[in-house]
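All remarks here apply to the structure that follows.
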Protein chains: 2
Amino acid sequence: MEKHIPDIVIHRLPIYLRALELMARAGHDITSSQELGQRLGISSAQIRKDLSHFGEFGKQGTGYDVDFLRQQLRQILHVDRVWDMALVGAGDLGRALAHYKGFENRGFRIAAIFDVDPRKVGKPLAGIPVEHTSRIPELLPARGIRIGIIAVPAEAAQSVADLLIEGRVQALLNYAPIRLSVPDEVLVEYIDPVIALQSMTYYLGARQGSGQNRSQAEPAGHSR
Amino acid sequence: MEKHIPDIVIHRLPIYLRALELMARAGHDITSSQELGQRLGISSAQIRKDLSHFGEFGKQGTGYDVDFLRQQLRQILHVDRVWDMALVGAGDLGRALAHYKGFENRGFRIAAIFDVDPRKVGKPLAGIPVEHTSRIPELLPARGIRIGIIAVPAEAAQSVADLLIEGRVQALLNYAPIRLSVPDEVLVEYIDPVIALQSMTYYLGARQGSGQNRSQAEPAGHSR
DNA sequence: CGTGAATTTGTACTTTATGTTACAATCGCC
DNA sequence: GGCGATTGTAACATAAAGTACAAATTCACG
């Protein structure tokens, strides 16, 4: 319980937590690694082994107390508090994120919004004032914001990342389809729907289409 | 080149492709596994081995022709065509996805949009008419749509998935924070920003905060 | 209240999957 | 025509997942 814990294990914990929250809300008091695994498509042994990195949370013959395990996981993942985040980009995606209800109750809150567009600066979005991007380095440290969300076009993403890092941010969630170059100590997670889609079309392509597919050949040239 | 190819390899290919598209746009004609790896934070040997599953695309002493490798990867991933997708949910997220320019040129297009809200049905979104969700099973097969995007609240996600599958969809991109239960032959990819964030706060929590963090204790009770 | 069957955990051990190292073969270039 | 660069891959090393089981617990039943 004090050694290095594999990153892949860390990435599964939020999935367990999400399932537990769901069970708790459904009034489910007790569960087992088997039940959890069934719901998640993960082997029960995997779940037990993952959890065993952090302690012994279950009871033999019974399983896990949903509420207790939930609290433990929230502690382990440090979401037993609320993390303020800075959102950069008040376009369509930024707006969707600003209005997203899913952050509440899962440990996060958008506490500041930035955009370069002067028409957007000043007007509040989801009740939060939109500031100019250039003020990131100045405003973030004062507000103790340690997480940044990048929701700007790919061309602007790296410079936004640089500003956020100047503002002492330690974790980035990047929606732009580009790899960011950041100091070693800064964490980055990437969300790119096209990457996810393309790894599915690899498998789809081999299969039978249901109708007249391949509607359009992709033109050779590129623009973006 | 005919054996089973690990899923994890498939998931890296789109990342290679994305980098190559970027290079191509930058007028970069030739690259090497080393250069690619440097940009992506992946070892050069990893890249060479991944590619070797599909053939020999490089030239010793020189490296890879950016344009050629790009075309090869697009073929392998079957994004040398355009895939029509059905988007379900015309809320904030659905709107952002409908307007997203990043699908173009990467092999995808939103060809149909659905929502349950009668106020949204009828009005076009990003030039695409919004239909009622109940019409999914009827409309998709006729249009040869094989990919669905779920952008509805968690409560509705499973029933939307069921409708899409009834409409013969073979791949789902699910933005709802819930695991879907689907037949074996249907592919699913998940996007949940909170999962990504929580795996970062695991590491962040151990570190020094930059100011007065832990602004608010999460209340014990839950609602959502 | 005692007992045995049924569960279920945590973990040691085994197997499988993934990644790294190292290098012969090849190529372009000066 | 020799030299530096770079590929593709075999051999090795590391990481992750699955198997199996002793130990603990519950519960039904007499």
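Numbers restart at 1 for each chain; the letters A, B, ... are given by sequence-line order, proteins then strands. The structure displayed is predicted, hence computed values, not measured ones.
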Measure from the side-chain heavy atoms of A:Ser52 and tell me the nearest of C:dT11, D:dT9, D:dA17. C:dT11
Gap between atoms CD1 and C1', on A:Ile30 and D:dC27 respectively (whole Å): 15 Å
Separation of D:dT7 atom P from B:Gln34 atom CD, nearest Å, is 8 Å
Side chain to side chain donor-acceptor pair (under 3.5 Å) pairs touching residues 40-51 of chain B, sequence neighbours excluded, are B:Arg12-B:Asp50, B:Tyr16-B:Asp50, B:Ser33-B:Arg48, B:Ser44-B:Arg48, B:Gln46-B:Asp50
Side chains of B:Phe54 and B:Leu73, heavy atoms from C-beta outward: is any pair under 4.5 Å? no
For B:Asp7, check side chain to side chain contact (heavy atoms under 4.5 Å, CB included) against everything at least two apart and list the hits. A:Tyr203, B:His11
Set of residues satisfying side chain to side chain donor-acceptor pair (under 3.5 Å) with respect to A:Asp65, sequence neighbours excluded: none
Which atoms of nucleotides 25-27 of chain C (N or O only) lie under 3.5 Å from a protein N or O atom, and what are those distances?
residue, atom, partner, partner atom, Å
C:dA25, N3, B:Gln60, OE1, 3.4
C:dA25, N3, B:Gln60, NE2, 3.1
C:dT26, O4', B:Gln60, OE1, 2.3
C:dC27, O4', B:Gln60, O, 3.2

Taken to the nearest whole Å, CG/A:Leu40 to P/D:dA17 is 14 Å
What pairs of nitrogen or oxygen atoms, one from the protein and one from nucleotides 28-30 of chain D, lie under 3.5 Å apart?
none

What residues form a ring pair (Phe, Tyr, Trp, His ring centres under 6.0 Å) with B:Phe103, not counting sequence neighbours? B:Tyr100
Minimal non-hydrogen separation, A:Val186 against A:Val182, with atom names: O-CG2, 3.8 Å
Upstream residue (5' side of DNA chain D) when B:Thr31 and A:Asp7 are each assigned their closest nucleotide: B:Thr31
In whole angstrom, give the distance that lies between atom NE2 of A:His53 and atom P of D:dA16. 9 Å
To the nearest angstrom, how far is A:Glu56 atom CD from C:dT9 atom P? 12 Å
Is A:Arg12 near enough to D:dA17 that one of its side-chain N or O atoms lies under 4.0 angstrom from OP1 or OP2? yes
Interatomic distance where CD1 belongs to A:Ile8 and P belongs to D:dG18 [whole Å]: 11 Å
Can you measure B:Phe54 atom CZ to D:dG8 atom C1' for me and round it to whole angstrom units? 15 Å
From CD of A:Gln38 over to P of C:dT7, roughly how many Å is that when rounded to an integer? 14 Å
List for me each residue that meets salt bridge (Lys or Arg N to Asp or Glu O under 4.0 Å) alongside A:Asp67, sequence neighbours excluded, and say none if there are none. A:Arg70
At less than 4.0 Å, is any side-chain N or O atom of B:Tyr64 found next to OP1 or OP2 of D:dG8? Yes or no. yes
Within residues 42-51 of chain A, those residues having any heavy atom closer than 4.0 Å to DNA chain C are A:Arg48, A:Lys49
Residues passing the side chain to side chain contact (heavy atoms under 4.5 Å, CB included) test with B:Ala176, sequence neighbours excluded, are B:Ala157, B:Asn174, B:Ile178
Tell me, please, which residues at least two apart from B:Thr133 pass side chain to side chain donor-acceptor pair (under 3.5 Å). none
Would you say B:Glu35 has more than 12 foreign heavy atoms packed within less than 6.0 Å of its CD? yes
Per the salt bridge (Lys or Arg N to Asp or Glu O under 4.0 Å) rule, what does the pair list look like for residues 169-193 of chain A, sequence neighbours excluded? A:Asp192-B:Arg18, A:Asp192-B:Arg106
Applying side chain to side chain donor-acceptor pair (under 3.5 Å), can you list everything that pairs with A:Gln72, at least two apart in sequence or on another chain? none
